[in-house]
Asker: 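Just dropping this structure here.
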Amino acid sequence: MSHSMTFSQAINDALSTAMHIDKNVICYGLGTPDPKGIFGTSLGLQEKFGPERVFDMPCSENGMTGIAIGASLNGIRPVMTHQRLDFFLLAMDQLINNAANWKYMFGGNGGSVPITIRLIIGRGWGQGPTHSQSLHSWFAHVPGLKVVSPTTAKDAKGLLLSSIFDDDPVLFLEHRWLHNHTEEVPEGDFRLPLGKASLLREGSDLSVVSMSYMTVEAIHAIDYLHKECNVNCDLIDLRSINPIDWKTIVDSVRKTGRLLVLDTGWETLSVAGEIIARCATECFDSFKCPPVRMALQDCPTPTSCALTKNYYKEAADVGQAIAKMLNIEISLEPLKQLRGINHDVPGDWFKGPF
Amino acid sequence: MTVDKKTALELYSKMLLIRFCEESIAARYHSEKKMRCPTHLSTGQEAVPAAAGQALRSDDFVVSTHRSHGHYLGKGGDLNRMIAEIHGKKSGCSRGWGGSMHLIDRSVGFVGSTAIVAGTIPVGVGLGLSIKLKKTDQVSCVFLGDAATEEGVFYESVNFAVVKQLPVLFICENNLYSVYSHLKVRQPEGRSIASMVQGMGCSAVSGNGNDVAESYEKISTAVASIRNGNGPVFLEFATYRWREHCGPDFDNHIGYRSEEEFKEWKKKDPVEAFENKLLLDNVIDKSMIDELKSMTQALVDNAFELADRDEFPDFYDNSVFKEVIR
């Protein structure tokens, strides 16, 4: 059985399912039980599972991360949520010094740290420099952490359940612009394995590797190019940023010989750069043209909607990059018109304020 | 005598073990060059770790700091495995992966020590949260130094422990120095750490950390109160480390503290003071002391011998971590 639901309902469903299955799962974060329930993702949980297991927290990101670690060492599986990733930067000490290292530094005798930290990434609507940073490459750099970043509602549920029941610390990144994505989501204990990418489009001309919200823009671009000039691309949605599903990526590049990587973060030292480096070392001879990474320009996020227009990448930018790599001429104007709304919102459903 | 005879002997034995262990590390560190990691010795600070280990149950949790040998041994952590760990050997309590600053013995509730100031404070509070959720009557004990009370995460953790009335015992050993920096350049003079924590709504008591009987009584009272569901307690104990912040040497000559100050504290040697008290109270006689001392030293020497004979771990034998290591 499955039900049509939004990404945020799928998150809520995953949390509820996890808490039903295992009484050791707890949820907390600023605003978790508040009337808005973190964009709907935690609505009703406190009513269902009680204030001992679902609770609000002090503005103490670092302390509360360490508290999750400590509780997890005695069998609790905490899920902590931050309404914006940027607040979680206060917790790098506990995340990296303790959570990431714990299993290794005690030679396995310290047990593992089964915590899940949900981080929401903002975009547009004036989120600006401190409400929209996409720092998955930081987290993915550190051995001992897993980094998950779903694009679709179904993946959100399946991967969140797997993250909660994984024995290592998992950073679960939710792009705010995906919260309204709707699809059929299986009911009950539906899990997807961590570390497996998903092939959303199949083709032999070019490989697009993408993540999180950029996958949505990529779908529009790839479908448009297919319709207009019969270009066929592989579209690989990473889903997991650490570990990365290298086999799926390398196999695709061996097939197509062309690689475009889309990244929601900054360009320099990005995950996109790492993917290109890995493909260069593993299948250099397959490349028919230089690989391209498309990420954010290396500058803090501007606030004004006039400035973000040139900061973020859209379907037309993706289409243009693909066309250039394949050496084809195509008008991208219809792709630009496709959105039909201002560039700084994901759709009519988004009314702000954050 | 305010503690019973059996307890007094336990406290004395624990202090001796810590003292002899630390002094043996100091004596062998430079000459053997086999303990190839930073070591923060607890010599001079044996009373509080011994008292806490005695007052807590084996299933109570302890987390600790960079200066954790005493806390580990006091709680009943395996001596041989600690010495092996400091030697980076396979039979070490962290299988040789952790070193002196990352000790663990879950079989006696020693959940871990790490080396970032205040780093394990929230971990101990999280253990307290887990106890509350699992509805057991355990206590989670967090060891910290005076400098840890300057870290933001200390306030975050105490605050949460108070908000949720968690079964957490904070034990602050105030030894006046953070590396070479005296308390007075780090915290306002005249403000006591315990009173400040009291102001956060946490029950707080201070005491003489070089008096093992007093420490034991204060810790026992706190543990009983916490076990009865009365929420967290913070204890501040005044004490002094004899040797340098990190390493086996004395460093009174380098200029950050005076030989006179050290000598004043050395007069308050917690091991010697308690030994004299036990003699005076006829709990123990000179021959028993000698026997206990030679027995303890033999245990420590044996631990060094075992560590020396043990193998080093293999970097590539990391099957436990295969999912973590890329």
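Letters go in sequence order (proteins before strands), and every chain restarts at 1. For the numbers below, each heavy atom of this structure counts, side chains included, while hydrogens, waters and symmetry mates do not.
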Asker: If you count heavy-atom pairs within less than 4.5 Å of chain A, which of B:Ser130, B:Ser140, B:Ser157 leads?
Answerer: B:Ser130
Asker: On a heavy-atom basis, which atom in A:Gly110 and which in B:Ile104 lie closest, and how many Å separate them?
Answerer: CA-CD1, 3.2 Å
Asker: Which bit of B:Leu127 is near chain A, if near means a heavy-atom gap under 4.5 Å: side chain, backbone, both or neither?
Answerer: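 Both parts, heavy atoms under 4.5 Å.
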Asker: Side chain, backbone, both or neither: which part of B:Ser113 has a non-hydrogen atom closer than 4.5 Å to chain A?
Answerer: backbone
Asker: Assess whether atom CD1 of A:Ile21 is packed by more than 12 heavy atoms of other residues, nucleotides or ligands within 6.0 Å.
Answerer: yes
Asker: Side chain, backbone, both or neither: which part of A:Ile26 has an atom under 4.5 Å from a heavy atom of chain B?
Answerer: side chain
Asker: How long is the span from the CE atom in A:Met105 to the CH2 atom in B:Trp97, to the nearest 0.5 Å?
Answerer: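 So the CE of A:Met105 and the CH2 of B:Trp97 are separated by 14.5 Å.
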Asker: How many angstroms lie between atom CG of A:Asn97 and atom OG1 of B:Thr120, to the nearest 0.5 angstrom?
Answerer: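 Output value for this atom pair is 11.5 Å.
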Asker: What part of A:Asn24 is in contact with chain B, defined as an atom under 4.5 angstrom from a non-hydrogen atom: side chain, backbone, both or neither?
Answerer: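 Only the side chain of A:Asn24 comes within 4.5 Å of chain B.
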Asker: Give a yes or no answer on whether the side chain of A:Asn109 reaches the backbone of B:Cys93 with a donor-acceptor pair at less than 3.5 Å.
Answerer: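 Checking the backbone N and O of B:Cys93 against the side chain of A:Asn109, a donor-acceptor pair under 3.5 Å is found.
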Asker: Charged N to carboxylate O below 4.0 Å: is that the case for A:Glu52 and B:Lys164?
Answerer: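 Not counted as a salt bridge, because no side-chain N and carboxylate O are separated by less than 4.0 Å.
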Asker: Given a strict heavy-atom distance threshold of 4.5 Å, which part of B:Phe154 is in contact with chain A: side chain, backbone, both, or neither?
Answerer: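 No part of it gets close to chain A.
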Asker: Looking at A:Leu73 and B:Val111, what are the two nearest heavy atoms and their distance?
Answerer: CD1-CG1, 3.9 Å
Asker: Between NE2 of B:His102 and OH of A:Tyr104, what distance do you get to the nearest 0.5 Å?
Answerer: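 It is 12.5 Å, given to the nearest 0.5 Å.
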Asker: Considering only heavy atoms and a distance below 4.5 Å, find which of A:Ile244, A:Asn74, A:Asn101 pairs most often with chain B.
Answerer: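 Heavy-atom pair counts peak at A:Asn74.
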Asker: Nearest 0.5 angstrom please: B:Glu156 CD to A:Glu61 CD, how far?
Answerer: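 Nearest 0.5 Å value for the CD-CD distance: 7.0 Å.
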Asker: In this structure, are over 12 heavy atoms from other groups packed under 6.0 Å from B:Arg57 atom CZ?
Answerer: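 Correct, the count exceeds 12.
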Asker: Of the non-hydrogen atoms in A:Phe106 and B:Gly112, which two are nearest, and what is the gap between them?
Answerer: CZ-CA, 3.9 Å
Asker: By a 4.5 Å heavy-atom criterion (distance strictly below it), what part of A:Asp93 contacts chain B: side chain, backbone, both, or neither?
Answerer: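 Side chain only.
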Asker: Using non-hydrogen atoms and a 4.5 Å limit, figure out which bit of B:Leu103 sits close to chain A: side chain, backbone, both or neither.
Answerer: backbone
Asker: Keeping A:Asn98 on the side-chain end and B:Gly119 on the backbone end, is there a donor-acceptor pair under 3.5 Å?
Answerer: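 It does hold such a pair.
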Asker: Side chain, backbone, both or neither: which part of A:Gln94 has an atom under 4.5 Å from a heavy atom of chain B?
Answerer: side chain
Asker: Are more than 12 heavy atoms, taken from residues, nucleotides or ligands other than A:Lys247, located less than 6.0 Å from that residue's NZ atom?
Answerer: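 No, because the 6.0 Å sphere around NZ of A:Lys247 holds 12 heavy atoms or fewer from other groups.
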Asker: Where do B:Pro122 and A:Gly63 come nearest, in terms of heavy atoms and distance?
Answerer: CB-O, 3.4 Å
